[in-house]
Amino acid sequence: MSVRTRFAPSPTGFLHIGGARTALYNWLYARHHGGAFVLRVEDTDSARHHEEGLGKILDGLRWLGLEWDEGPATGGEFGPYYQSERRAIYDRYLAKLQEGGHVYEDEGAIRFRVPDRDITVVDRVCGEVTVNLHQQGSKRWDAEKKEEVEANPDLVIRRPDGSYIFHFVNVVDDIEMQISHVIRGEDHLSNTPKHLALFEVFGVEAPVYAHIPLNLNKDGSKMSKRDQGALIHEYVENGFLPEAVNNYMALLGWSSKDDQEIFSMTELIEKFDIDGINRANSKFDYEKCLWVNGEHLRQLGPDVLAKNAAPFFEKAGIDPGDPRLGTALGLARERAQRLSEMPDLVKTAFFDEIEYDPEAVAKVAGREGIGEVLSALKAALEGVGDWCEDAVKTAIHQAADDLGQKMGAFMLPCRVATMGGTTGPDLVPMMVMTGKERVIKRIGDFAEKIAS
RNA sequence: GACCCGUUCGUCUAGCGGUUAGGACUCCGCCCUUUCACGGCGGCAACACGGGUUCGAGUCCCGUACGGGUCGCCA
């Protein structure tokens, strides 16, 4: 049997991390087994249809690199892939139910007769779950009254306006699209017996189910779109790399069981399987996500790094085509976790004006002999002919020697004078990148600044 | 409330009857170093609780507690 998985979002207007992770697991499973990954849009409820809702979801999936083999914009032999366009198919399946006497009308809606016996879900993650739908559905919890009220256990599958309900279309589409494995959130586990009842009357073998645990906030509450890290487009804007986000999402609820933490997409495809999926919910840890991103950032080849970082440098007013960018990226990536942090680390090299950190200035301004240090530094650097790392370094060394000072004591004033702060990338390469003229001017300006 | 799923360091997890309970993030030391970061080394820190079963239980069974989910003419 060939593996066919699917991700079936409804167009809500954003790609949530939970949905993205579900998509990732389905995608990985399909890729791991050489199967197909199908994207299907669950837009049966017109009231919930958002104009741009789908676009953002597709953009998010594309950014993550979770390309679908069949679905919107791609097509495929089991289309259409919008449920809103599959009415005729649902009508046909409804007719089958009518023939078998499995449905009846109720105030204009159509209900499916739910069997009065135990139904067992065999789940690859949760094990066996047995429920009697008839018993369970005959009472309903009234959240407002906080009490159980009588209810009709039979499932509404079509509304009076002729539109169909999730449980029904979900099953019909999984049959029609020949979905072999359903990997979805655990919130669907309790719904699965309903789906099995439908598969049974259609005489079709149900797919393999794997209900994956949910991702919660660090405090255990349900993640909503307002929570940090909840929306995929925010990762794009905040300078995350798609493979890092995938890596972290994979780790939330799945383990390769061999202590590996950082995975390339290829490695994930190779190692991912349902056996490694956890049963317990996990809590989202933004700190660790940042760390994973930093690790990926440092593994990127120069060209890919440049391509990914370009928008962030542009936003900071630095021309991504600047010949010094390659050097800048190399210096910045060592101390950044996100692309968005990189321009700030090296921007002093690209502008005339710099901002001085008052604390840093105070730290060196009071030093004894700071005036001599700065003027020696300035004189030494003025004497540098070929403005390269070796020459600059030698000049600084020479100046320090002449004053009988250690390099360590010399570098800090130099850094504050030329870069404005006490921290940052390697100073000498930064100075080279900044340019001789600017560096010397800054030292002079700084000397005046602290003298006054 | 009923039903379902779950419970190993603060967090993500390994473990699948006998382990000094391992790794990772975070935090704290030390080393490297011109600062910061990276890297390296080390440290703090966990089997929810109570009963069984067993020579022996984080591992199996039953309760309790706690967490999550479902109970729609939402998906």
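Protein chains get the first letters and strands the later ones, always in sequence-line order, with residue 1 at the start of each.
- Atom CD of A:Gln398 and atom C1' of B:U34 are 17 Å apart (whole Å).
- The same atom, P, is picked in B:A21 and in B:A46; the two are 12 Å apart, to the nearest Å.
- For A:Glu287, whose side chain is taken as the heavy atoms from C-beta onward, the closest listed nucleotide among B:A75, B:G10, B:U26 is B:U26.
- Judged by centroid separation below 5.5 Å and plane tilt below 30°, A:Trp291 does not stack onto the base of B:A24.
- The listed nucleotides are B:G23, B:A14, B:C74; the one nearest the side chain of A:Arg159 is B:C74.
- Taking atom P on both nucleotides, B:G15 is separated from B:C27 by 28 Å, rounded to a whole Å.
- A:Gly220 comes within 4.0 angstrom of the backbone, heavy atoms only, and of no base.
- Pair assignment for B:G67 gives B:C5, based on Watson-Crick or G-U wobble hydrogen-bonding distances that are each under 3.5 Å.
- Between A:Phe168 and A:Phe112, a ring centre-to-centre spacing not shorter than 6.0 Å is recorded.
- In terms of position along RNA chain B, the nucleotide closest to A:Val428 lies nearer the 5' end than the nucleotide closest to the other residue of the pair A:Ile165 and A:Val428.
- For the P atoms, the distance linking B:G58 with B:U26 amounts to 31 Å, nearest Å.
- A gap of 28 Å separates the P atoms of B:A14 and B:A65, to the nearest Å.
- Contact between the side-chain N/O atoms of A:Asn278 and the OP1/OP2 oxygens of B:A14 is found at a separation under 4.0 Å.
- In this structure, A:Thr422 reaches the bases: a heavy-atom distance under 4.0 Å links it to at least one base atom across the strands shown.
- For the 3.5 Å distance criterion, the side chains of A:Asp118 and A:Thr130 fail to qualify, holding no donor opposite an acceptor.
- With both pairing distances under 3.5 Å, B:G50 is matched to B:C62 as a Watson-Crick or G-U wobble pair.
- Of the listed nucleotides (B:A75, B:G22, B:C71), B:C71 has the atom at the smallest distance from the side chain of A:Lys194.
- What separates CD1 of A:Ile212 from P of B:C5 is a distance of 18 Å, to the nearest Å.
- When heavy atoms are screened at a 4.0 angstrom cut-off, A:Gln337 is found touching no nucleic acid atom at all.
- Residue contacts for A:His188: at a heavy-atom cut-off of 4.0 Å it reaches a base atom on one of the strands shown.
- For A:Val129, the side-chain atoms get nearest to B:C5 when compared with the rest of B:C5, B:C36, B:A75.
- Closest to the side chain of A:Asp426, out of B:A14, B:C36, B:C73, is B:C36.
- Judged by distance alone with a 3.5 Å cut-off, a donor-acceptor contact links the side chain of A:Arg335 to the base of B:C36.
- Applying the 4.0 Å criterion to OP1 and OP2 of B:U13, one finds that A:Lys257 has every side-chain N and O outside that range.
- Checking B:U34, B:G68, B:U11 against every side-chain atom of A:Leu214, the shortest atom distance belongs to B:G68.
- Between the OG1 atom in A:Thr22 and the CZ atom in A:Arg6 there is a gap of 10.0 Å [rounded to 0.5 Å].
- For the pair A:Asp357 CG and B:U35 C1', the interatomic distance rounds to 12 Å; values are reported in whole Å.
- Pairing of B:C16, defined by two Watson-Crick or G-U wobble distances under 3.5 Å, is not identified with any nucleotide.
- Between the CZ atom of A:Arg158 and the P atom of B:C74 there is a distance of 14 Å, given to the nearest Å.
- In this structure, A:Gly108 reaches neither bases nor backbone, as no heavy-atom distance under 4.0 Å exists between it and the strands shown.
- Nucleotides B:G63 and B:C5 place their P atoms 12 Å apart, quoted to the nearest Å.
- With a cut-off of 3.5 Å on both pairing distances, B:A21 has no Watson-Crick or G-U wobble partner at all.
- For the C1' atoms, the distance from B:G18 to B:C32 is 43 Å, rounded to whole Å.
- Nucleotides B:U53 and B:C62 are separated by 15 Å at their P atoms, to the nearest Å.
- Dashed line: the shortest gap from a side-chain N or O of A:Lys146 to OP1 or OP2 of B:G1 is not under 4.0 Å.
- B:A37 atom P lies 18 Å from atom CE of A:Met419, rounded to whole Å.
- Ring-centre distance between A:Phe263 and A:Trp254: below the 6.0 Å cut-off.
- No donor-acceptor contact under 3.5 angstrom links the side chains of A:Asn215 and A:Asn281, judged on distance only.
- Proximity note for A:Trp141 (side chain, C-beta onward) versus B:U7, B:G1, B:C74: the nearest is B:G1.
- A donor-acceptor contact closer than 3.5 angstrom is absent between the side chains of A:Asn247 and A:Glu243.
- No more than 12 heavy atoms of other residues, nucleotides or ligands sit less than 6.0 Å from atom NE2 of A:His397.
- The interatomic distance linking A:Arg184 (CZ) with B:G69 (P) rounds to 17 Å, in whole Å.
- Here the separation of B:C44 from B:A37, taken at their C1' atoms, is 24 Å to the nearest Å.
- Take the nearest nucleotide of RNA chain B for A:Leu427 and for A:Asp154: the residue whose nucleotide is more 5' is A:Leu427.
- The residue A:Glu148 sits close to a base: some heavy atom pair falls under 4.0 Å.
- Backbone-only contact: A:Glu128 has heavy atoms under 4.0 Å from sugar-phosphate atoms and none from a base.
- The nucleotide whose nearest atom lies closest to any side-chain atom of A:Leu189 is, among B:C4, B:U35, B:A75, B:C4.
- Heavy atoms of A:Arg279 sit under 4.0 angstrom from primed sugar atoms or phosphate atoms, though from no base atom.
- A:Tyr29 and A:His181 have tilted rings, their planes meeting at an angle from 30° to 60° on a 0 to 90° scale.
- Between A:His195 and A:His167, the ring centre distance stays below 6.0 Å.
- Phosphate proximity of B:G72 to A:Arg140: present, with a side-chain N or O under 4.0 Å from OP1 or OP2.
- For A:Arg21 and A:Tyr25, the positive end sits near the middle of the six-membered ring, less than 6.0 Å away and at most 45° from its axis.
- Distance CD1 (A:Ile277) to P (B:A14): 12 Å, rounded to an integer number of Å.
- Base-pair partner of B:G72: not found among the strands shown (Watson-Crick or G-U wobble, both distances under 3.5 Å).
- If you check every strand for non-hydrogen atoms under 4.0 Å, A:Glu107 touches a base.
- Distances were taken from every side-chain heavy atom of A:Glu261 (C-beta onward) to each of B:G10, B:C5, B:A24; the shortest belongs to B:A24.
- With distances taken from any side-chain atom of A:Asp187 to the nucleotides B:G23, B:G69, B:G10, the minimum falls on B:G69.
- Residue-to-nucleotide contacts include no donor-acceptor pair under 3.5 Å from the side chain of A:Glu186 to the base of B:G6.
- The distance between atom CG of A:Asn191 and atom P of B:C74, rounded to the nearest whole Å, is 14 Å.
- The residue A:Pro213 sits apart from the nucleic acid: no heavy atom pair falls under 4.0 Å.
- Judged by Watson-Crick or G-U wobble contacts below 3.5 Å, the nucleotide B:G42 has B:C28 as its partner.
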